[in-house]
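Report on one structure; see the data block that follows.
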Amino acid sequence: MTFTAKVENLEIRGHEVKSGKNGEYAIVRFDAENGDRLEFVDRDSERFEFYKRGKVCDLWLKVTNTAKYTNFTISEMRYREEE
């Protein structure tokens, strides 16, 4: 099963670019409002430079769930507007 989920109000804590057999990808770290640390994969290299520490954003995640694993991949990221 594959679906898209929106996650709001995440603070960017950093990212690390890596190389794999399918090209470059980034592991991006976030803090949620409740203090939980989250990590997601982003495979769109054009977005890597936009992950600035301390910025708050919303994410859209492509969630792929199988019997053996669940994969969360960033499909879109937008900075939150200052309120």
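As the structure is a prediction and not an experimental result, all values here were calculated from the model. Just so you know, residue 1 is the first one in the sequence shown, and it goes up from there.
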For residues 20-30, tabulate all N or O donor-acceptor pairs below 3.5 Å that involve a side-chain atom, not counting sequence neighbours.
unit_1	atom_1	unit_2	atom_2	d
Arg29	NE	Glu39	OE2	3.3
Arg29	NH2	Glu16	OE1	3.1

Distance-only check: which donor-acceptor pairs under 3.5 Å involve side-chain atoms of residues 47-54, not counting sequence neighbours?
unit_1	atom_1	unit_2	atom_2	d
Arg47	NE	Asp42	OD2	2.7
Arg47	NH1	Ser75	O	3.3
Arg47	NH2	Asp42	OD1	2.8
Arg47	NH2	Ile74	O	3.3
Tyr51	OH	Asp42	OD2	2.5
Lys52	NZ	Glu49	O	3.2
Arg53	NH1	Arg13	O	2.7

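Taking CG of Asn9 as the reference point, atom CG of Asn34 lies at 11.0 Å (rounded to 0.5 Å). A distance of 4.0 Å separates CZ of Arg37 from CG of Asp31, quoted to the nearest 0.5 Å. The CG atom of Leu59 lies 12.0 Å from the CZ atom of Phe72; values are rounded to the nearest 0.5 Å.
With sequence neighbours left out, Thr70 forms a side chain to side chain donor-acceptor pair (under 3.5 Å) with Asn65. With sequence neighbours left out, Lys6 forms a side chain to side chain donor-acceptor pair (under 3.5 Å) with Glu8.
When the side chains of ILVMFWY residues are joined at heavy-atom separations under 4.5 Å, either directly or via intervening members, Leu61 and Tyr69 end up in two distinct hydrophobic clusters. A continuous path of Ile, Leu, Val, Met, Phe, Trp and Tyr side chains, each step under 4.5 Å between heavy atoms, connects Met77 with Leu38, placing both in one hydrophobic cluster. Under the 4.5 Å side-chain heavy-atom criterion for ILVMFWY residues, a single connected hydrophobic cluster contains both Leu10 and Tyr79.
Applying the salt bridge (charged side-chain N to carboxylate O under 4.0 Å, His left out) rule to pairs touching residues 55-65 yields Asp58-Arg80, sequence neighbours excluded.
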